[in-house]
Each structure stands twice: as C-alpha cells, then as structure tokens.
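As a basis for the values below, the full set of heavy atoms in this structure was taken, side chains included, without hydrogen atoms, waters or symmetry mates. Since the structure is predicted, the reported quantities are computational estimates derived from the model, not experimental observations. Below, read A as the first sequence line, B as the second, and so on, with proteins coming before strands; counting in each chain starts at 1.
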There are 2 protein chains.
Amino acid sequence: MMCEMSLRFRQLQAFHAIIETGTVTAAAAQLGISQPGLSNLLAQLEREVRFRLFERQRGRLVPTPEAEVLYREVETVVRGLDHVAQAVTDLQNKQAGQLQIASQHSISFGYMPRLIARFAADRPDMAITFQSQYSSKIQEWVASGLFEIGVCERPLLHDAFNVHAFHIETRIALPLDHPLTVYDVLTPEILDNTPFIVMGPDHMTHRRLRAAFAEAGATLNARVHSHLFRNLLGFVREGMGVALLDPFALEEEGDGRFTSRPFAPRILMDMVVITSKARPLSTVGRAFLDLLLDDLGKIAVKDSVRQANPSNA
Amino acid sequence: MMCEMSLRFRQLQAFHAIIETGTVTAAAAQLGISQPGLSNLLAQLEREVRFRLFERQRGRLVPTPEAEVLYREVETVVRGLDHVAQAVTDLQNKQAGQLQIASQHSISFGYMPRLIARFAADRPDMAITFQSQYSSKIQEWVASGLFEIGVCERPLLHDAFNVHAFHIETRIALPLDHPLTVYDVLTPEILDNTPFIVMGPDHMTHRRLRAAFAEAGATLNARVHSHLFRNLLGFVREGMGVALLDPFALEEEGDGRFTSRPFAPRILMDMVVITSKARPLSTVGRAFLDLLLDDLGKIAVKDSVRQANPSNA
DNA sequence: CACACATCATAAGTTTTGATGATGAGTCTT
DNA sequence: AAGACTCATCATCAAAACTTATGATGTGTG
C-alpha cells in the first residue's frame, strides 16, 4: 500500500504562499507567476498527498485541519530557502584577499577601517577582505576558516578559537540640549525614570544596565528598543532619550548633535579577537593581529588585553 | 552589480548530497539519478553563486570553506523536506471518520482498542479514526482540530485544550524467575543495584525513579535505555533486568514470561485527556469522552479523574 | 608498464515540470 | 443582471531535469 510520492519543492512553495495569503490569486502575485500555474501546482500536490488541503467553499479556499498541520512543517523549509539565499549573498560579498578580517558591526564603521588603512599603507600590493557581521556569524566564519581574524562579542559558541579578550567601557549618549548634561558622571539615581533607548533584552549590556538600575533602586524607563548600537544613536540624535553605547559608536561625536558622559557603575562589553585553532596564522595575519592588539590596548579598559581561554556562556 | 540568482531547490539538494557522501557518484546513487545529472546540477549551482564550492584535486571534490558555511544553512532546508514527507504519510494514515481519537503509544495497544470496540458495538454505522502517536504530536493534532479527542502525557505544550487529568500508578515488571519475585512490594532499597531497563532520561517517570532511588540512598543500575514502554517489556521478557512500566503495557501479563509488583514510593504518570477549546465536541465525541472518563476512573489512582486547567511544565 | 577501475566533466537527446493565456463556472456586491 | 471577484481546466510552449554515451584524468595492481 506504500506508494511513491514525489513532493516537489515548488508545490510546497505554492502551498505555503496560498496559506499565507489566503487566496490563490494573491499567492500567484506573491510568487510572480500566473494564477492558473499556481492552481495547477496545488492540484498536483493534493493529488499526490491524497487528501484535501482546502475545502472549496463558495468559490474560496478554506484550509483543512490537515493543511494547517502540514503548513507548520512546510514553513521551515520555505523560510529556510531565504536563509540560504542570504548566506549566498553574504559569501558573494567576500572577496578573495590575502588577509580576511571580520568584525562585529559596532566596531566596523570607524575604528576597523581606520586601522586596516594604516596597516595596508606599508603594504600596497596586498589585498584585504574586510566584512562586518553579527557576532555569531563571525564566529562561524572564523571557525570554518573563511576569515582569519574576527572581532566579536561574547559569548563564544564554539571552542575552536584562539581568544584574545578585551573590555570596552560603555558611556551614556545624550542629546546636546538634555538637562542631564550638567553632570560629569551619570548614575542610575540621576537617570531614574529618564527615557532610555536600549538594545534588545537579549543583549549583555542591556541586562547589566537593568541590573545596575535594580541595585540602585532606580527605574529604567525603556522607551525604545532596537538591536544595533548604530540605530540607538539615531534615536538619541532625535532627542528621544539617552542610550548606553560603546565608544566606537560615539566616535561621531563631532557631528555636534549629541554628547556623552561616563556611567557609574561601569558597564563593560566583553569582546574578543578570535583566530582559528585549526589553521595557523599567516604572516600578514600575525602582523595585523599584533597591530590590532597593541592598538586595542590603548582604547580598552586597563590590563584587559591578554591571552585567555574561551569561556562559554 | 546585484544580479539575479535563482537558487533551485534541486541544486541545493544535490549540493547537500555531495557534501554528505563525499563524491558525486555516491550522491547520485543516494538521490536515485545518474552521475552526469548531478554533475550538471552542481555546475549550475556553482555558476549561479559565482564562487567555487569544491576544489577539484586529483579528480576528487574537496569542499571549500564557503561550501562548509553554506552546508549548514542548506542542511536545515533539505532535512526539512524529509520532515514534510513524514508529516504527509502521518496524515495519509488518518482515515476520515465521524469520530477521531488519538492516543499515546503505551495506551494504544490493549486498552484503547478495547474501549473503542465496546463503544462502537452499539453504533454499527459509525466510522471511527484511531491513531497512536507521540504525546507532542497528539497535542498538535487535537489543537488543530484534526482529532477530536486525545490521550497523552504531560507536559502540555499549548493552552488550547480542555483538560481531564488522571494518574496512572506504575509497577515494576520482572522476569518470572527473578529472585525478587518473593517480595510483594518493591522499594529502592530492595532494588539496589538491580539491572534496570529504563526510558530515556528525558522521560518523566525516569526522573522520578532516579529521584526515588537517590532519596533512599540506593543505586539505580540502568542497564538498557529505550524510549517506548513496549520496548522495555521486550527486554524484561528476555530476562535482562526489571523495568518500571505503566499498567497498560502490563496487560499482557498473561503470556507468562514476566510478572509485576507495586513499587513504593508510588510513581505516577501524569496523563490527560484533551479536547480542543476552539471547537465544541460532537455528540459522539461527548459520548465517547464520557465513557472514557468513566472507565479511566476505574483504573486510575483514586480521586484523580477530574476537570482541571492545563498546567505547563 | 599496461590494464582495470575509479573519479568528474561534457555533449546531445528525451522526458518531466512549470508557466502562460484563453476560457468557463461559481459567488458576492451593487 | 452586470461587474468584480473567486478558482479550475485546457492546449500549448519553454525551461529544467534527467538520460545515455563519451572523454579526460587519476589510482591502484599484477
């Protein structure tokens, strides 16, 4: 009684679009094909699975319970294809250079390009690949040998890295005309109930900020949530509140639309420079890593640039 | 510079198979197509993504770092298709009946069929769908309206159910010639270091069993792990050890190759009969539910068949 | 060294699948 | 009853997927 069925991806994609949009016509538009084409795909699929996926009620399609169960599985597959496409464009953007460096977004706009430029000045014929990404992606890339050197935040997800840890002290960014600019150092007490622009709740610094406020018995008034330091700054510029930022994002202070103050108690960002344990560093890689660590020593919190083992969590 | 790329699923499937098997020839066999066909798909994919996925070294394919990064994304998608196929066959096995009942495996061999037979005796022209599945799948099916009545174990994963809780007391099954058959009730002290056949460590009863042994300062000697009560029984029959089982599995006691004893402290299985909050029970559904709850009252631990709210975890 | 047997790539030809546009039937609105 | 929707069906055609046949290259063996 077992019979061959050949679920084709196109059919699942069609099915997915129909459930999502509610009608065949709209689904066809979403996929950029004609309505009869989609009708066919659906008919094929229903013939092959041998149960109804939709009740035809008064000319409309109403998903059966079976369809809803199936949809959950199909969802994973169809959405997954988007992820693959994204991965492909990420990989396409990587040029083949002699030295590959990836760093987390917040450090990628001002600091890293400047350092790389300085490094490349003495080496005119060397090609360097530099890319900005999320911390987890950077770790994946360095682990797989796609990039030689990565700069990202903790936590580390694998154990495949040589790790150089350093810590960056965060500061509070405020609009120029903010009343609290009169203080030299800001504390939770001073900032009690002040509108705050914060990172998503899963980010380290957010949790530490919240803890600092709780400790001081102050209220953290989280007005806007965002997920890139760079975005927070935009809101600060617009005067919507204050934000806790890393000094790299604050480099643009010169634009004169916001300023910054230290925060007490200090909140540090746990950052790391990683290289792959699996393959040894190239000569240029070594040279750049030395420059990077040396330079970070000037910015980072004292005594925090050192060799260290990866600590997960 | 952005150019159109049309990642076809078949190409990803090909890529996935090649990475998995290591050679094109083997991958072709796995997918059931010819080697040149696969070679073509790979060539297409490499042309479209515009970076090498494999180095051709001495006639063999060696994945590039890019390929390994891509593989992780592709993996999700391709494996997902298998899940969809599995879901489809699950759904195909469901017949269209007026009354749909699903129950967890352990209760599905003896008890439920017998009860359903009794119920159907008075109603000769009624079609009933009955299916045995894992607890989580049963919940999904009842939640989506695919089945009217489900019998499964806690924990409940949604809040979409009307819940009737009951508790089943487990017993220790032993081979007939086991020395411990001389006891009327078995305790952790008596069973200290006795070879045990146990459920996987994620199952409730396993954790409680372990706790009971720890409390008594006895050693739980887990000799075999399995994941279906029915399987445990097979090992007991073979004399490999004793096992903690629900009374439904023990119904076959008549076969004379094992026996059972109560265990102290009592270990109960948290079970529930669920129906969907979303749609009201049909008349037959109501009737069967009444019969089921009434009958469970005779088997279950006293005072434990009652209406209750779902409690998660 | 020559032979058998792997590997992957290419070419040409066939079958299957996907999509189109025209058409029709049903439902709801106005 | 017209018009704007829905979805299904048909004939048709192009693109994709697969086939067989063949060649180039590499490896291991007597």
*Any side-chain donor paired with an acceptor under 3.5 Å for Glu148(B) and Ser282(B)?*
yes
_Distance test, side-chain N/O of Arg58(A) to OP1/OP2 of dG26(C), below 4.0 Å_ = no
*Find the distance Arg56(A):CZ to dG24(C):P and express it as a whole number of Å.*
22 Å
*State which of dC10(D), dA16(D), dA9(C) makes the closest approach to the side chain of Arg8(B).*
dA16(D)
_Between Arg56(A) and Glu46(A) (salt bridge meaning N to carboxylate O under 4.0 Å), is one present in this structure?_
yes
_Under a 3.5 Å cutoff, is there a donor and acceptor pairing between the side chains of Gln13(A) and Arg10(A)?_
yes
*Just to confirm, is there a sub-4.0 Å distance from OP1 or OP2 of dA6(C) to any side-chain nitrogen or oxygen of Thr25(B)?*
no
*With DNA chain C as reference, determine whether Ala43(B) or Ala26(B) sits nearer its 5' end, using the nearest nucleotide of each.*
Ala26(B)
*Nucleotide nearest Leu41(A) when distance is taken to its side chain, options dA19(C), dC8(C), dA8(D)*: dA19(C)
_Using only atom types and a distance under 3.5 Å, with no angle test, would you say the side chain of Ser132(B) pairs donor to acceptor with the backbone of Gln104(B)?_
no
*Can you tell me the distance, in whole Å, between the CZ atom of Arg47(B) and the C1' atom of dA17(D)?*
14 Å
*State whether the side chain of Gln11(A) and the backbone N or O of Ala43(A) hold a donor-acceptor pair below 3.5 Å, judged by distance alone.*
no
*Is it possible for you to check whether Arg123(A) lies under 6.0 Å from the centre of the six-membered ring of Phe119(A), through NZ or CZ, and within 45° of that ring's axis?*
yes
*Nearest whole angstrom, please: distance from the C1' of dT20(C) to the CG of Asn40(A).*
10 Å
*Just how far, in rounded Å, is P of dA16(D) from CD of Gln13(B)?*
17 Å
_Spacing between Leu42(B) atom CG and dA9(C) atom C1', to the nearest angstrom_ = 11 Å
*Phosphate-side-chain proximity, Gln44(A) and dG18(C), N/O vs OP1/OP2 below 4.0 Å*: yes
*Show the numbers, then the answer: is there a side chain to side chain donor-acceptor pair (under 3.5 Å) between His16(B) and Glu75(B)?*
CA-CA 7 Å; His16(B) 180 260; Glu75(B) 170 94 315; 2.7 Å; yes
_Below 4.0 Å: OP1/OP2 of dA6(C) and any side-chain N or O of Arg60(B)_ = no
_Residues from residues 28-36 of chain A lying under 4.0 Å of DNA chain C - heavy atoms_ = Ile33(A), Ser34(A), Pro36(A)
*For Phe9(B) and dG18(C), what is the distance between atoms CZ and P respectively, to the nearest whole Å?*
13 Å
*Starting from C1' on dT17(C), measure out to CD on Gln11(A) and report it in whole angstrom.*
9 Å
*Taking CD from Glu55(A) and C1' from dA8(D), how many angstroms apart are they, rounded to a whole number?*
16 Å
*Ser39(B) side-chain proximity, nearest of dC8(C), dC10(D), dA8(D)*: dC8(C)
